[in-house]
Protein chains: 4
Amino acid sequence: MTERLTTEDADMNRELKKEQTRARIKEAALALFSEQGYETTTVEAITKQAGVAKGTFFNYFSSKDDLLCDLQGIFAMNEVGKLKGTPGPLVPRLQLLVFELVKRFEMNKPLTRALFQGMLATDAALELHNRLLADLSEALLPLVLQAQENGEIRKDMPPAMLAQQAFQTYFGTLVIWAMEAGDEPLATRMTMTFELFFKGIAPQ
Amino acid sequence: MTERLTTEDADMNRELKKEQTRARIKEAALALFSEQGYETTTVEAITKQAGVAKGTFFNYFSSKDDLLCDLQGIFAMNEVGKLKGTPGPLVPRLQLLVFELVKRFEMNKPLTRALFQGMLATDAALELHNRLLADLSEALLPLVLQAQENGEIRKDMPPAMLAQQAFQTYFGTLVIWAMEAGDEPLATRMTMTFELFFKGIAPQ
Amino acid sequence: MTERLTTEDADMNRELKKEQTRARIKEAALALFSEQGYETTTVEAITKQAGVAKGTFFNYFSSKDDLLCDLQGIFAMNEVGKLKGTPGPLVPRLQLLVFELVKRFEMNKPLTRALFQGMLATDAALELHNRLLADLSEALLPLVLQAQENGEIRKDMPPAMLAQQAFQTYFGTLVIWAMEAGDEPLATRMTMTFELFFKGIAPQ
Amino acid sequence: MTERLTTEDADMNRELKKEQTRARIKEAALALFSEQGYETTTVEAITKQAGVAKGTFFNYFSSKDDLLCDLQGIFAMNEVGKLKGTPGPLVPRLQLLVFELVKRFEMNKPLTRALFQGMLATDAALELHNRLLADLSEALLPLVLQAQENGEIRKDMPPAMLAQQAFQTYFGTLVIWAMEAGDEPLATRMTMTFELFFKGIAPQ
DNA sequence: GATGAATGAGTTTTCATTCAT
DNA sequence: GATGAATGAAAACTCATTCAT
């Protein structure tokens, strides 16, 4: 059978395996980060958990920080981009979006905390996050403007500021929730917070 | 000469000197944290900056983490306790309070970031912070309740939740602001955010 | 098409390709050694530069040190062997020989340094070099003897010692020149040095 | 007794101990370098041999390379500076000087080799050596000039070049001798080499 | 014969903390 | 109480080499 494989097949197999190894490392990292935090988790521990050799880690990530940046992808919010295509008032759509996003972090307070921890300790990750924020703001801006024109939200604040406030509300809630001791569901908290926020940006 | 001093005088002198040394170490730490972050700043660097020997550090703080906890005192908000004594509507007094608090961090984005960084990396500091939060909530709670009764703020949310939201808004804004790249003044941002918040918790 | 080739042709083709690959690896190594030195240059970097896979390297050289030994061939001085066949006085022929040899290293101070670096760090390479030196001495010895008999060079020193001094002068100049910071041409330096040397071994 | 010590005494004691530890580390390094070469000797091995903890090494030397630079002091030739004060013809004084210098390396071929190895592998050490050479040349230059004027050595070569040749002869002999397998004494070789060199730079 | 993913021993270096003086 | 030399556990990262495909 092996000899039946064309080079392409073999390449695909190899590609596949690589993808799996990379995934295993990332999963292991996520698991350990949520147990021990970012700084406390060593590369060796990650590889051990992933079942690969220490050196293998560096075949996939140039450094521990590099892995963190990769993991920051969790914060990516492609859904924001999709908002543009959908019709109707903005606020309920945002509500829905927030609801969707929350699912990623729910039940993962320690991991969320670890990610912020890493972000604060790693310049590269912080920069990455800021770039992400800039992109998101840009995507949200026209929608906010339109919502203002529609009289859906207050007009006495610049749209950029409103967008900024939206993201601050989201991430601020996320990090503060992650820092707290209890086990209140993120969804509850986020819902509550955005309830206030939406009331705050309502017209009049 | 030294022996001319009464024991009490000597004790006071000694006490004073100790206090000064402790203060010098803390100042040095704050300065370096805001330059390099928490993890990156070494105890040796702190003592050097403070002009004392490395060993002296451990005469004043049992560990580097202990120093951090001590520094977290910056987040303490005794002013919240004082609110109780003052009369009149709550919201404007809160506005004033926030305004006061902001001054501590203004112009110190890197330090703010470093403190959160340390807090996220150090369990003891995080617990301390949570205890602080609990105390603050407890202090604010009766005021919120009264404000609800006065019809100053909405009654359809439990007062504990409103208090929680207030602190989340405050700390969330602080940390998100600290994480951002630009140099927008904290006061502006905080004012804006609380503008929305107060509108969000208004009755009706 | 491939199958049209006779076995011999195919073999030749294969041989040729192998030779080319080997050459490409050696060239790549020389280029990188002269840029970064021996220790600093990794096998991976060499293969990348050569356009082959990392594993391929070990199909051609049993180790990185083995490659270095192979490269030491640069120091080989077959020309010394050819001296035997030519007539006339020894000194001018040596002068010419040195002049020829110098061309290999001229403009390649960093590579020369890297080769010595590798030689000093690698026992195998050092031994190889010593064996080379022994062979060269053996080849030069009869010529020196004859030159002494001809009265061309001083007789009060054993010919073996004179030969040794000649090689020491050559390699010593080479390494010291390579270690220097400036960009004086090797030819100038070598000429000067041998001028003194030839005067030193002149009769009387 | 301890309490009799003044602070100064205590400081001196401490200073003394420090000096001893530093010396122990350097001795250990020299011993190991001469056994195993520079690259092969690890910092851990050095500290083990010196009987101190691994971390202690870095209290004295900022890096392994730093230690090497410190060790390069062996090549320093303060004696060259003293030549200036002594009267009489230059050549015999140089002969004597070389004889003195040789003693340091005699019987230490492996160490000599290791030092050159480290020098070739470490940019900082190489630069240091070049600076040393420049200083030495400067010190020798006026003596050479005077010797030329005295008719002691040939005038048809610039004095700077002659000085350069002298040092090249010295260091070239040193390194080539160190690279050789046998156990010929350095003194013999050096004497022989300088015999030729002095004849080479004689007038006429 | 070529490939490149996996290996893991090995290295330098850091730094909080201790403790003798 | 102050000092700073000594400690040594740990951590990130390197890289020659192997070997299954």
Side-chain angles (χ1 to χ4, degrees), chain A residues 2-3 5 7 9-11 13-15 17-18 20-22 39-47 51-66, chain B residues 14 17-18 21 39-48 51-67, chain C residues 14 17-18 21 39-48 51-67, chain D residues 2-3 5 7 9-11 13-15 17-18 20-22 39-45 47 51-65:
Chain A
T2 301
E3 60 271 22
L5 289 172
T7 305
D9 285 341
D11 279 4
N13 246 336
R14 210 176 246 193
E15 245 1 84
K17 254 192 167 170
K18 243 185 117 169
Q20 284 173 348
T21 303
R22 190 184 179 90
E39 305 273 3
T40 319
T41 301
T42 68
V43 170
E44 186 159 24
I46 295 172
T47 54
V52 298
K54 197 176 351 179
T56 302
F57 179 92
F58 295 94
N59 290 340
Y60 288 89
F61 303 97
S62 64
S63 69
K64 197 182 155 191
D65 284 359
D66 184 40
Chain B
R14 207 176 280 170
K17 245 190 168 177
K18 267 184 80 169
T21 304
E39 304 275 2
T40 318
T41 300
T42 68
V43 170
E44 183 158 27
I46 294 172
T47 55
K48 208 168 181 178
V52 298
K54 196 171 4 174
T56 303
F57 180 93
F58 294 93
N59 291 338
Y60 290 89
F61 302 96
S62 64
S63 70
K64 194 183 161 192
D65 282 1
D66 184 40
L67 164 68
Chain C
R14 208 175 278 171
K17 247 192 165 176
K18 267 183 80 170
T21 302
E39 305 274 1
T40 318
T41 300
T42 68
V43 170
E44 183 158 27
I46 294 171
T47 55
K48 208 169 181 178
V52 299
K54 199 176 352 179
T56 303
F57 178 93
F58 294 92
N59 291 337
Y60 290 88
F61 302 96
S62 64
S63 71
K64 195 184 161 192
D65 283 359
D66 184 42
L67 163 68
Chain D
T2 303
E3 59 270 23
L5 288 171
T7 307
D9 286 340
D11 279 4
N13 246 335
R14 208 175 248 191
E15 239 11 76
K17 254 192 168 172
K18 244 186 115 169
Q20 285 173 348
T21 304
R22 190 183 178 89
E39 306 273 3
T40 318
T41 300
T42 69
V43 170
E44 186 158 24
T47 55
V52 298
K54 198 176 348 179
T56 302
F57 180 93
F58 294 93
N59 289 340
Y60 288 88
F61 303 97
S62 64
S63 69
K64 196 181 155 191
D65 284 0

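Side-chain atoms are counted along with the backbone in the values below, which use heavy atoms only and exclude waters and symmetry mates. Letters go in sequence order (proteins before strands), and every chain restarts at 1. From a predicted model like this one, the values you see are computed outputs, not experimental measurements.
Here the closest heavy-atom approach between residue Lys64(A) and residue Glu39(A) is recorded as NZ-O, 3.5 Å. Residues Lys18(D) and Tyr60(D) come closest through the heavy atom pair CG-OH, 3.3 Å.
Take the nearest nucleotide of DNA chain F for Phe58(C) and for Thr21(D): the residue whose nucleotide is more 5' is Thr21(D). Heavy-atom nearest nucleotides on DNA chain E were determined for Val52(C) and for Ala53(A), and the one closer to the 5' end corresponds to Val52(C). Heavy-atom nearest nucleotides on DNA chain E were determined for Gly55(B) and for Lys54(D), and the one closer to the 5' end corresponds to Lys54(D). Two residues, Thr41(C) and Lys17(A), neighbour DNA chain F, and the one matched to the more 5' nucleotide by heavy-atom proximity is Thr41(C).
Judged by atom type and distance alone, Lys48(C) does not reach the base of dG4(E) through any side-chain donor-acceptor pair under 3.5 Å. A donor-acceptor contact under 3.5 angstrom links the side-chain atoms of Asn59(A) to the base of dA6(E).
Tyr60(B) has a side-chain polar atom (N or O) that falls below the 4.0 Å cut-off from OP1 or OP2 of dA2(F). For dT7(E), one of the phosphate oxygens OP1 or OP2 lies less than 4.0 angstrom from a side-chain nitrogen or oxygen of Thr56(A).
Figure legend. dA20(F) is base-paired to dT3(E); pairs are counted as Watson-Crick or G-U wobble with both atom distances under 3.5 Å. With both pairing distances under 3.5 Å, dG8(E) is matched to dC15(F) as a Watson-Crick or G-U wobble pair.
In this entry the distance linking CD of Glu15(A) with C1' of dG4(E) reads 11 Å, nearest Å. Atom CD of Glu39(C) and atom C1' of dC15(F) are 12 Å apart (whole Å). The distance between atom CG of Asp66(A) and atom P of dC13(F), rounded to the nearest whole Å, is 10 Å. Here dT14(E) presents its P atom at 11 Å from CD of Glu44(B), a figure rounded to the nearest Å. Rounded to whole angstrom, the span from the CZ atom of Phe57(C) across to the C1' atom of dC19(F) amounts to 17 Å.
Between Val43(D) and Phe61(D), every side-chain heavy-atom pair lies at or beyond the 4.5 Å cut-off.
Nucleic acid contact for Phe61(A): none, since no nucleic acid atom lies under 4.0 Å from a heavy atom of the residue. Contact annotation for Lys64(A): backbone-only contact, meaning every heavy-atom pair under 4.0 Å involves sugar-phosphate atoms and none involves a base. Within the nucleic acid shown, Thr42(A) comes within 4.0 Å of sugar-phosphate atoms alone, with no base atom in reach, counting heavy atoms only. Within the 4.0 angstrom heavy-atom criterion, only backbone atoms of the sugar-phosphate kind lie near Lys18(A); the bases stay farther away.
Set against dT13(E), dT17(F), dT17(E), the side chain of Ser63(D) has dT13(E) as its closest nucleotide.
Atoms CG and CD1, on Leu67(B) and Ile46(B) in that order, are 5.5 Å from each other to the nearest 0.5 Å.
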Is there a side-chain contact (heavy atoms from CB on, under 4.5 Å) between Val52(B) and Phe57(B) once you walk through the steps?
CA-CA 8 Å; Val52(B) 298; Phe57(B) 180 93; 5.9 Å; no
